A.B. asks: 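Structure in C-alpha cells, see below.
Chain letters run A, B, ... following the sequence lines, proteins first, then strands; residues in each count from 1. Source: prediction; values computed, not measured. Only this structure's heavy atoms are used, side chains among them; waters, hydrogens and symmetry mates stay out.
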Amino acid sequence: MSTTVETSAEAKKEIRVAPTPGMVRRRGERSLAASAASHGILIAASLIALFPIAWLVFLSLGPDKDDYLHPGDIWGKMTLDNYSFVLQETNFFDWLTSTLIVSLGTTVIGVMIAATTGYAVSRMRFPGYKKFMWVLLVTQMFPIAVLIVPMYQIMSELQLIDSYLGLILVYCSTAVPYCAWLLKGYFDTIPFEIDEAGRVDGLSPFGTFLRLILPLAKPGLAVAGFYSFITAFGEVAFASTFMLSDTKYTFAVALQTFVSEHDAQRQLMAATAVLIAIPVSAFFYLVQKNLVTGLTAGGTKG
Amino acid sequence: MTVAIDRATGKRRGDRAPRPGLGQRLKHSYQKHWYAYAMITPVVVVLGVLVLYPLAYGFYLTLTDANSLNTARTIGVNEIEATYKFIGFDNYADILWGETSYERFWSHFIWTIVWTGACVGLHYTLGLGLALLLNQQLRGRTLYRLILILPWAVPTFVTVFGWRFMLADGGVINSFLETLHLPTPLWLEDTFWQRFAAIMVNTWCGVPFMMLSLLGGLQSIDSTLYEAAEMDGASKWQQFRYVTLPGLRSVSSTVVLLGIIWTFNQFAIIFLLFGDTAPDAQILVTWAYYLGFGQQPRDFAQSAAYGMLLLAILIVFTSFYRRWLNRNDQQLAI
C-alpha cells in the first residue's frame with residue numbers, strides 16, 4: 001500500500017513512479033505553492049531571529065560610539081579595535097574569572113547535592129513524597145523578588161555581600177531544586193530492571209545508585225549541570241545587587257557598566273557582548289537537543 | 001526488599017504501593033523508608049537553609065517598616081543597630097487598599113497579567129506555527145532549526161542590549177520605519193511603546209523554547225493516526241484540530257505552565273531594556289526590585305511584601321491550573 005509511513009526520499013520517488021489511483025497527493029507531500037510558502041515564512045522567521053544578533057556583531061566593528069546612528073558609515077571603517085580594547089584595557093578577564101567561579105560553583109554544588117534526591121524521588125515512594133515534590137516545584141517558581149530582600153539582609157549580616165560564596169549560595173537556592181527535578185526526569189528514563197538486577201546481586205540502594213545508576217546517568221547530569229550553568233551565567237538581578245566591586249562583576253552586570261547615564265560606550269559594549277556570546281552559544285548548540293528533552297520530560301512524565 | 005520497587009512506569013497516579021494504616025505507618029515509616037530519607041536529606045537541608053529560612057525572615061520583614069535607613073548596617077567602623085519596628089499587616093493593607101494603591105500596585109498588576117497573557121499567547125502560537133512548518137519534509141530543515149533557536153542560545157542579557165541599540169531613537173528600527181514613511185514611535189520613552197517593545201523582545205526571546213518543545217511533541221505523535229484520519233476523509237484543518245492538538249496536549253500544558261511562570265517572573269528583559277527610566281512599564285517583579293533596590297531610601301519591607309504577594313499569586317494560579325488539568329483528565333503537567 002502506498003499509505004505506509006514514508007520516511008525516506010526513496011519512498012517518495014517510488015510513489016511518483018507509480019501513483020496510486022484515487023490518491024491525489026500523499027501525506028507529507030505538498031504542492032509547490034505550499035512548499036514555497038513554508039520556505040518563505042521560515043526564511044522570514046530566520047531573518048528575524050538572526051537580525052538583532054547580526055546587528056550587534058556589525059555594530060561591534062564600528063570604531064565610534066555613535067556609529068549605531070549611522071550604520072552605513074561602518075562599512076567604510078570596519079575595525080577590530082574594539083575587541084582588542086576590551087581585552088586589554090577593561091577588566092574583561094576579571095569578569096570572566098568571577099563569572100566562571102560563580103557559575104561553575106553553582107553547577108558543581110547543585111548537581112552534587114541534587115543527584116541522590118533525584119534518584120530517591122524517581123525510584124522510591126515515601127510518606128511525604130507528594131509534599132516534597134510540591135516544595136521542589138514551588139521553589140523553582142519563586143520570583144526573585146521573594147528572596148532578594150531577606151537574602152540581602154542575611155548576607156550582609158554574614159559579610160557575604162560582594163563575595164563569590166554569597167552569590168553561589170543564592171544561586172543554589174534555585175539550582176538545587178531545579179537539578180533535582182531535572183535529574184528525576186532523567187532517572188525515570190533509566191530502566192527499572194537495572195535497579196532490580198543490582199538489588200538481586202546484593203547491592204544496597206546506595207550501592208545501586210552509586211555503581212549502576214550514576215554512571216548511566218552521566219548525560220542527565222551533564223544536562224542538569226549545563227542548565228544550572230547557563231542559569232547562573234545569565235542571572236541579572238542578584239548579581240547586580242550583591243556584587244559591588246567592579247572586578248567581581250559577572251558578565252551580566254559588567255555589560256551594564258558600559259552604558260551609564262553620562263556615557264554610553266556602545267561600540268565596546270557590543271564587542272564585549274559578542275565575546276561573551278560566542279563561546280556560550282557554541283556550547284549551547286552542542287547540548288541543546290538534550291536540554292529540550294530534559295526540560296519537558298521532567299514535566300510531562302510527572 | 002521492596003523499598004525501591006514501586007516506581008517503574010513513570011505514571012503518577014494509581015501505581016503507588018498501598019499505604020499501611022496510620023499507626024503502622026508511623027511505626028514502620030522510618031524503618032522502611034530511611035534510605036529515601038537519607039537520600040533526600042542534602043536537598044532538604046539546603047532548601048531549609050537557603051529557601052525556608054530566608055522566606056520566613058522575609059515574611060517577618062514584611063510585618064515591619066524596615067528600610068535602608070533603619071536596618072542594621074555598618075558604615076566604616078560604626079555598627080548601627082536595627083531600629084525598625086513591628087507594624088503587623090500594614091504593608092499589605094497599604095499595598096492593596098492604601099492611598100494611590102492603584103498607581104503603585106493595581107496598574108502594575110494589570111500590566112503584568114496583560115504582559116504574561118500576550119507573551120505566552122504569542123510564544124505558543126508562533127512556536128506552534130514554526131514547529132508545524134519544521135515538522136514537514138523540507139529542504140534545509142536543520143539549518144532553519146539551528147537559526148531559529150539562536151535567540152535562545154545567546155544569553156538574554158546580551159541580546160537585550162542588541163535590541164536596545166535597535167530600538168533607540170535614531171536606531172535601525174526607526175530609520176527603517178522612516179524610509180517606509182511610517183510613524184517612528186519613541187520605543188524606549190513612551191509608556192505604550194515601552195510596553196509594546198518589551199512584549200516584542202520577550203516574544204523574540206521565548207519562541208525558540210516553545211518551538212523546540214512543540215516540535216518534539218509533534219514528532220512523538222503516531223503517524224498512523226494521520227493515516228487513519230486521512231482514510232476517513234479528514235481535511236488538513238480537521239487533522240490539525242482532532243489529531244495534532246490532542247496529541248500535543250500533554251506537552252502543551254507543561255510548556256504553557258512553564259511559560260506563564262517564566263514570563264510572570266521575567267526580570268532581565270524589562271530591567272535591562274529600560275533600567276529605572278520606565279516606572280509605568282515595570283511588571284510586578286521588576287517593580288518590587290525597584291522599591292527594594294532601585295530607589296533611595298530602599299524600602300525593604302514593601303519590596304518583600306510585593307514578593308510575598310507575587311508568590312501567593314503564582315501558587316494560587318498553579319494550584320488552579322493543576323486542578324483544571326486533573327478535571328480534564330490529563331496527565332499532570334510538572
A.B. asks: Can you tell me how far apart CG (B:Leu143) and OG (A:Ser46) are? Round to the nearest 0.5 Å.
C.D. replies: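 So the gap between those two atoms works out to 7.0 Å.
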A.B. asks: Less than 4.5 Å to any heavy atom of chain B: does that hold for the side chain of A:Met112, its backbone, both, or neither?
C.D. replies: neither
A.B. asks: Calculate, to the nearest 0.5 Å, the distance between atoms CE and CG belonging to A:Met151 and B:Leu50 respectively.
C.D. replies: 5.0 Å
A.B. asks: In terms of ring plane angle, is the pair A:His39 and B:Tyr144 parallel, tilted or perpendicular, where the classes change at 30° and 60°?
C.D. replies: tilted
A.B. asks: Looking at B:Thr159, B:Leu310, B:Ile149, which makes the most heavy-atom pairs under 4.5 Å with chain A?
C.D. replies: B:Ile149
A.B. asks: Sort A:Phe233 into side chain, backbone, both or neither according to what part of it lies under 4.5 angstrom from a heavy atom of chain B.
C.D. replies: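 It is both, since atoms from each part get that close.
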A.B. asks: So which part of A:Glu157 gets closer than 4.5 Å to some heavy atom of chain B, the side chain, the backbone, both or neither?
C.D. replies: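 Contact with chain B: side chain only.
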A.B. asks: Chain B heavy atoms under 4.5 Å from A:Ile113: which part of the residue, side chain, backbone, both or neither?
C.D. replies: both
A.B. asks: Do B:Val154 and A:Val280 pass the side-chain contact (heavy atoms from CB on, under 4.5 Å) test, and can you show the C-alpha distance, the side-chain angles, and the key distance before you say yes or no?
C.D. replies: CA-CA 7 Å; B:Val154 180; A:Val280 182; over 6 Å; no
A.B. asks: Is there side-chain contact between A:Arg266 and B:Arg164, with at least one heavy-atom pair below 4.5 Å?
C.D. replies: no
A.B. asks: What is the distance from atom OH of B:Tyr35 to atom CZ of A:Phe209, rounded to the nearest 0.5 Å?
C.D. replies: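 B:Tyr35 OH to A:Phe209 CZ: 14.5 Å, rounded to 0.5 Å.
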A.B. asks: Which bit of A:Ser156 is near chain B, if near means a heavy-atom gap under 4.5 Å: side chain, backbone, both or neither?
C.D. replies: neither
A.B. asks: Closest heavy-atom contact between B:Gln136 and A:Ser38?
C.D. replies: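 So the two residues come closest at NE2-OG, 3.2 Å.
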A.B. asks: Give a yes or no on whether A:Phe283 atom CZ has more than 12 heavy-atom contacts from other residues, nucleotides or ligands under 6.0 Å away.
C.D. replies: no
A.B. asks: Select, from A:Ile48, A:Ile41, A:Leu59, the one with the greatest count of heavy-atom pairs under 4.5 Å involving chain B.
C.D. replies: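 Result: the option with the highest number of such pairs is A:Ile48.
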A.B. asks: Shorter than 4.5 Å, heavy atoms on both sides: which option in B:Phe264, B:Tyr60, B:Phe293, B:Phe267 has the most such pairs with chain A?
C.D. replies: B:Phe293
A.B. asks: If we define contacts as heavy-atom pairs under 4.5 Å, which of A:Leu136, A:Thr174, A:Leu56 has the most with chain B?
C.D. replies: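 Of the candidates given, the most pairs with chain B belong to A:Leu56.
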A.B. asks: Taking it one step at a time, do B:Val158 and A:Phe251 satisfy side-chain contact (heavy atoms from CB on, under 4.5 Å)?
C.D. replies: CA-CA 9 Å; B:Val158 168; A:Phe251 279 135; over 6 Å; no
A.B. asks: Please determine, among A:Ile278, A:Val170, A:Ile148, the option with the most heavy-atom pairs under 4.5 Å with chain B.
C.D. replies: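 Among the listed options, the one with the most contacts to chain B is A:Ile148.
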A.B. asks: I'd like to know which of B:Tyr57, B:Trp163, B:Trp204, B:Phe59 tops the heavy-atom pair count under 4.5 Å against chain A.
C.D. replies: B:Trp204
A.B. asks: For a side-chain contact (heavy atoms from CB on, under 4.5 Å) check, start with the C-alpha distance between B:Phe157 and A:Gln256, then their side-chain angles and the critical distance, and finish with the verdict.
C.D. replies: CA-CA 9 Å; B:Phe157 68 88; A:Gln256 297 170 47; over 6 Å; no
A.B. asks: Treating B:Asn265 as the side-chain partner and A:Met141 as the backbone partner, does any N or O pair qualify as donor plus acceptor under 3.5 Å?
C.D. replies: yes
A.B. asks: Where on A:Leu147 is there a heavy atom nearer than 4.5 Å to chain B: the side chain, the backbone, both, or neither?
C.D. replies: side chain
A.B. asks: Hey, which of A:Gly234, A:Ala37, A:Ala252 has the most heavy atom pairs under 4.5 Å with chain B?
C.D. replies: A:Ala252
A.B. asks: With rounding to the nearest 0.5 angstrom, report the CD1 to CH2 distance, B:Ile173 to A:Trp55.
C.D. replies: 10.0 Å
A.B. asks: Between A:Thr117 (side chain only) and B:Thr41 (backbone N and O only), is there a donor and an acceptor less than 3.5 Å apart?
C.D. replies: no
A.B. asks: Between A:Ala145, A:Ala49, A:Ala180, which residue shows the highest count of heavy-atom pairs closer than 4.5 Å to chain B?
C.D. replies: A:Ala49
A.B. asks: Check whether any side-chain heavy atom of A:Phe142 lies under 4.5 Å from a side-chain heavy atom of B:Leu314, and answer yes or no.
C.D. replies: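 The answer is no; the side chains never approach within 4.5 Å.
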A.B. asks: Minimum heavy-atom separation for B:Met39 to A:Thr116, with atom names?
C.D. replies: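 B:Met39 and A:Thr116 have their closest heavy atoms at O-OG1, 2.9 Å.
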A.B. asks: Which one wins on heavy-atom pair count under 4.5 Å against chain B: A:Gly118, A:Ala237, A:Ala277, A:Ala120?
C.D. replies: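 Maximum pair count with chain B is reached by A:Ala237.
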A.B. asks: Look only at the side chain of A:Tyr285 and the backbone of B:Leu146, and say whether a donor-acceptor pair between them is shorter than 3.5 Å.
C.D. replies: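 Side chain of A:Tyr285 to backbone of B:Leu146, a donor-acceptor pair under 3.5 Å: yes, one is there.
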A.B. asks: Please find the pair of heavy atoms, one from A:Ile154 and one from B:Pro54, that lie closest to each other, and give the distance.
C.D. replies: CD1-CA, 3.9 Å
A.B. asks: Need one label for A:Leu47: side chain, backbone, both or neither, based on atoms under 4.5 Å from any heavy atom in chain B.
C.D. replies: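 It is neither, since no heavy atom gets under 4.5 Å.
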A.B. asks: Taking all non-hydrogen atoms of both residues into account, name the closest pair between B:Leu130 and A:Ala45 and its distance.
C.D. replies: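 Nearest pair, atom of B:Leu130 first, then A:Ala45: CD2-CB, 3.8 Å.
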A.B. asks: Please look at B:Arg141 and chain A and tell me whether the side chain, the backbone, both or neither of the residue comes under 4.5 angstrom of a heavy atom of that chain.
C.D. replies: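 Neither the backbone nor the side chain of B:Arg141 comes within 4.5 Å of chain A.
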A.B. asks: Under a 4.5 Å cut-off applied to non-hydrogen side-chain atoms, are A:Pro177 and B:Val43 in contact?
C.D. replies: no
A.B. asks: Between A:Phe258 and B:Phe161, is a side-chain contact (heavy atoms from CB on, under 4.5 Å) present by the stated rule, with each step listed?
C.D. replies: CA-CA 11 Å; A:Phe258 285 107; B:Phe161 284 110; over 6 Å; no
A.B. asks: Would you say the side chain of B:Tyr289 lies within less than 4.5 Å of the side chain of A:Ser240, judging by non-hydrogen atoms?
C.D. replies: yes
A.B. asks: Looking at A:Phe126 versus B:Tyr37, is the centre-to-centre ring distance below 6.0 Å?
C.D. replies: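 Yes: the rings meet the under 6.0 Å criterion.
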A.B. asks: So do the side chains of A:Pro150 and B:Leu55 get within less than 4.5 Å of each other, counting heavy atoms only?
C.D. replies: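 Not touching, per the 4.5 Å side-chain cut-off.
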A.B. asks: Measure distances from A:Val135 to the heavy atoms of chain B and classify the residue's part below 4.5 Å as side chain, backbone, both or neither.
C.D. replies: side chain
A.B. asks: Compare every heavy atom of B:Gly307 with every heavy atom of A:Val146, then report the nearest pair and how far apart it is.
C.D. replies: CG2-O, 3.1 Å
A.B. asks: When heavy-atom pairs shorter than 4.5 Å are enumerated against chain A, which of B:Pro155, B:Gly217, B:Ala288, B:Ser175 gives the highest number?
C.D. replies: B:Pro155
A.B. asks: Which region of B:Val46, side chain (C-beta onward) or backbone (N, CA, C, O), has a non-hydrogen atom less than 4.5 Å from a non-hydrogen atom of chain A, or is it both or neither?
C.D. replies: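 Just its side chain gets close to chain A.
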A.B. asks: Please verify the inter-ring angle class for A:Tyr152 with B:Phe300; under 30° counts as parallel, over 60° as perpendicular, anything in between as tilted.
C.D. replies: tilted
